[in-house]
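The structure appears below as structure tokens.
Computed from a predicted model, the values in this text were never measured in an experiment.
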Amino acid sequence: MAFYQPEIPDTQFIEVFMDTPLATCEQRDPKGLYQKARSGEIRQFTGIDSPYEASERPEIRLDTSVMTVDECVERLVGFLRDRGLISE
């Protein structure tokens with residue numbers, strides 16, 4: 001499946017991939033949406049009966065299944081500081 005990706009200068013766009021395995025998403029699902037999708041109550045649910053396309057070349061990848069929220073924030077802020085996009 002191809003989709004349109006506009007050309008955005010690197011200085012204006014940073015792709016952050018919040019990578020979370022499907023099993024982790026299902027475990028963390030407070031509303032039971034994944035269970036409803038698996039039972040057919042919800043259709044076209046991403047990752048269940050609708051395809052999910054992971055980011056191919058993000059500038060930064062944060063694996064939320066092994067990192068805490070604080071660790072993700074720390075890594076993202078460090079990334080932005082290293083590139084001079086934010087200051088101390």
Side-chain angles (χ1 to χ4, degrees):
M1 173 187 220
F3 57 93
Y4 174 72
Q5 286 186 313
E7 292 296 321
I8 301 172
D10 290 339
T11 58
Q12 295 181 9
F13 182 84
I14 296 170
E15 184 175 1
V16 178
F17 178 27
M18 302 297 291
D19 190 2
T20 308
L22 180 59
T24 302
C25 291
E26 290 184 85
Q27 289 174 337
R28 294 178 179 171
D29 181 17
K31 295 180 181 179
L33 298 177
Y34 284 93
Q35 184 177 13
K36 289 178 181 179
R38 288 201 181 276
S39 71
E41 291 178 60
I42 299 175
R43 301 196 63 208
Q44 299 299 310
F45 199 84
T46 303
I48 305 299
D49 64 342
S50 183
Y52 170 73
E53 295 181 23
S55 180
E56 293 181 11
R57 293 185 310 258
E59 280 78 14
I60 184 168
R61 176 184 168 267
L62 304 172
D63 185 344
T64 67
S65 69
V66 296
M67 297 171 71
T68 66
V69 170
D70 288 340
E71 291 169 330
C72 289
V73 170
E74 185 177 313
R75 183 152 178 236
L76 182 56
V77 168
F79 173 88
L80 296 171
R81 282 188 180 135
D82 289 348
R83 281 151 188 80
L85 299 169
I86 61 172
S87 59
E88 294 290 324

- Side chains of Asp82 and Leu80: does their closest heavy-atom pair fall under 4.5 Å? no
- Linked, directly or transitively: Ile60 and Val69 (ILVMFWY side chains, under 4.5 Å): yes
- Identify the two heavy atoms, one from Ser87 and one from Arg81, that lie closest to each other, and give their separation to 0.1 Å. O-NE, 3.7 Å
- Item | Taking every non-hydrogen atom, the tightest pair across Phe17 and Ala54 | CZ-CB, 3.9 Å
- Note on the structure: Rounding to 0.5 Å, atoms SG (Cys72) and CE (Met18) come to a distance of 4.5 Å
- With rounding to the nearest 0.5 Å, note down the distance linking CG in Leu22 to OG1 in Thr46. 10.5 Å
- Query: Pairs in or reaching into residues 64-88: which pass ring-ring contact (aromatic ring centres under 6.0 Å, His included), with residues at least two apart or in two chains?
  - Reply: none
- Task: Find out whether Val77 and Ile86 are in side-chain contact, i.e. whether some heavy atom of one side chain is under 4.5 Å from a heavy atom of the other.
- Result: yes
- Item | Side chain proximity check, Thr20 to Asp63, heavy atoms < 4.5 angstrom | no
- Query: Side chain of Asp19, backbone of Arg61: donor and acceptor closer than 3.5 Å?
  - Reply: no
- Separation of Glu71 CD from Leu76 CG (nearest 0.5 Å): 13.5 Å
- Message: Measuring from atom CG of Leu33 to atom SG of Cys25, what distance do you get when rounded to the nearest 0.5 angstrom?
- Response: 11.5 Å
- Message: Any side-chain to backbone donor/acceptor pair from Glu59 onto Glu15? Under 3.5 Å, distance only.
- Response: yes
- Residue pair Asp70 / Thr68, side-chain donor-acceptor N/O under 3.5 Å: no
- Give every residue pair that meets the side chain to side chain donor-acceptor pair (under 3.5 Å) criterion with at least one member in residues 23-35, sequence neighbours excluded. Glu26-Arg38, Arg28-Thr64
- Would you name the heavy atoms of Asp49 and Ile42 that are closest together and state the gap between them? OD2-O, 4.5 Å
